[in-house]
Amino acid sequence: MNATKVSIGTAVFLSVFKAAVGIWSGSLAVLSSAFDSLLDVISSTVNYYALKVSMTPPDENHQYGHAKFEPLAAQIQSFLILFSGIYILYKAYGNFHSEMQIKAVGINIAVMALSMVITAVLVYFLKYAANKLRSTVLYADSLHYRTDLLSGAGVLIALIIIKFTGLHIIDAIVSAVIAVYIIVSALRLNFQVTRELLDETLPEEDMKVVQEILDRHKIEIVNVHKLRTRSAGNQKFIDMHLVLYHGLSLQDGNDIRTDIEKRIKKGIKGADVNIYIEPCDPDHCDTCCVCGEQEQDKNTNSGSN
């Protein structure tokens, strides 16, 4: 929650600061950067309330919790980023044809340099918080400010070139390039969170962890079915049915389930694991080698004793 508050405060300062200078000097590139910072204020505010809601415990109407509010907020943010990119591209087209001149280039350079330093610190802080909390919405926020940082670098380079060459048309060209980059970033973010909202299965590295843990009990497990995974914000849901060797006691089956759940939760941060135990049907033993392996293991142990 503190991360989003810092993000909001920083965005407010940068948007007001750059807007004032951009309007006064007539620089579309600086004004575009200010407009993007204004959208950051809106996005970070949405993220703040999304995080606040996502951390509330499950209730009668939301039995899986409220973690889905995080990717939902990230998707809203992606649309805001997309619209800002389209608007900047439109304004750049107009300024390119009007050949608008900007004034006080040196002041614009100082403003953009200062804003880049502040934004770089914020990006590092948000990325650290996102990794620590495994938060989709904070990751989206860090991505947004990372695009600000890169676009700010483009604006700064453009202003330096204008100062030494007098080619003010570069302001519109750089603004157009920034707009295209913003649009592409918005689309990538939207595709990412849409997969999460549609309950796409967990990444391959997480599924590999699950399989390695199940392999630890391959002697007792006859079959694994109805394995379903999905993610919501910083939570990862894993459900499965385990068919166990019919010679196991109820206590043995419960111990195996507990061990698997603990190992998965330790190996995958934010994992919510539900395992359903099913006994093996002895009528189908001729199709399974587990019983034979169990008997062989028992005979080996008894022989060694």
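Since the model is a prediction, treat every value here as computed from it, not as a measurement.
Cluster membership for Val111 and Phe13, using ILVMFWY side-chain heavy atoms within less than 4.5 angstrom, is shared. Taking hydrophobic clusters as Ile, Leu, Val, Met, Phe, Trp and Tyr residues chained together by side-chain heavy-atom distances below 4.5 Å, Leu250 does not share a cluster with Ile260. Cluster membership for Ile264 and Ile221, using ILVMFWY side-chain heavy atoms within less than 4.5 angstrom, is shared. Note: the hydrophobic cluster containing Ile161 does not contain Val177 (ILVMFWY, side chain heavy atoms under 4.5 Å, direct or indirect links). Linking ILVMFWY side-chain heavy atoms closer than 4.5 Å, directly or via other members, places Ile173 and Ile183 in two distinct hydrophobic clusters.
Distance check, rounded to the nearest 0.5 Å: NZ of Lys226 to CG of Asp239 gives 11.0 Å. Taking OG of Ser78 as the start and CG of Leu189 as the end, the distance is 5.0 Å to the nearest 0.5 Å. The CD1 atom of Ile238 sits 7.0 Å away from atom OG1 of Thr229, with the distance rounded to the nearest 0.5 Å. Remark: Thr258 OG1 to Gln251 CD distance equals 8.0 Å, nearest 0.5 Å. Phe17 contributes atom CZ, which lies 7.5 Å from atom CD1 of Ile118 (distance to the nearest 0.5 angstrom). Atom CZ in Arg228 sits 11.5 Å away from atom OG1 in Thr201 (nearest 0.5 Å).
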- Item | CA sep, side-chain torsions, deciding dist, call: Leu122, Leu14, side chain to side chain contact (heavy atoms under 4.5 Å, CB included) | CA-CA 12 Å; Leu122 182 60; Leu14 290 176; 5.8 Å; no
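Here the closest non-hydrogen pair linking Gly85 and Ala179 is O-CB, 3.2 Å. The heavy-atom pair separating Asn190 from Phe79 by the smallest distance is ND2-CZ, 3.5 Å. Pairing each heavy atom of Arg230 with each of Leu202, the nearest pair is O-CD2, 3.5 Å.
Side-chain atoms of Asp206 and Val210, non-hydrogen and from C-beta on, never get closer than 4.5 Å to each other. Between Glu220 and Asp255, every side-chain heavy-atom pair lies at or beyond the 4.5 Å cut-off. Side-chain contact between Asn254 and Ile277 is absent, with no heavy-atom pair separated by less than 4.5 Å. In this structure the side chain of Leu214 reaches within 4.5 angstrom of the side chain of Leu242, judged on heavy atoms. A heavy-atom distance below 4.5 Å is not found between the side chains of Leu244 and Asp252. Proximity of Asn108 to Lys163: side-chain heavy atoms (C-beta onward) are nowhere separated by under 4.5 Å.
Counting heavy atoms of neighbouring residues, nucleotides and ligands inside a 6.0 Å radius, atom NZ of Lys265 exceeds 12 of them. Within a 6.0 Å sphere centred on CD of Glu204, heavy atoms belonging to other residues, nucleotides or ligands number 12 at most.
Checked by atom type and distance alone, the side chain of Thr119 never pairs as donor or acceptor with a backbone atom of Met116 at under 3.5 Å.
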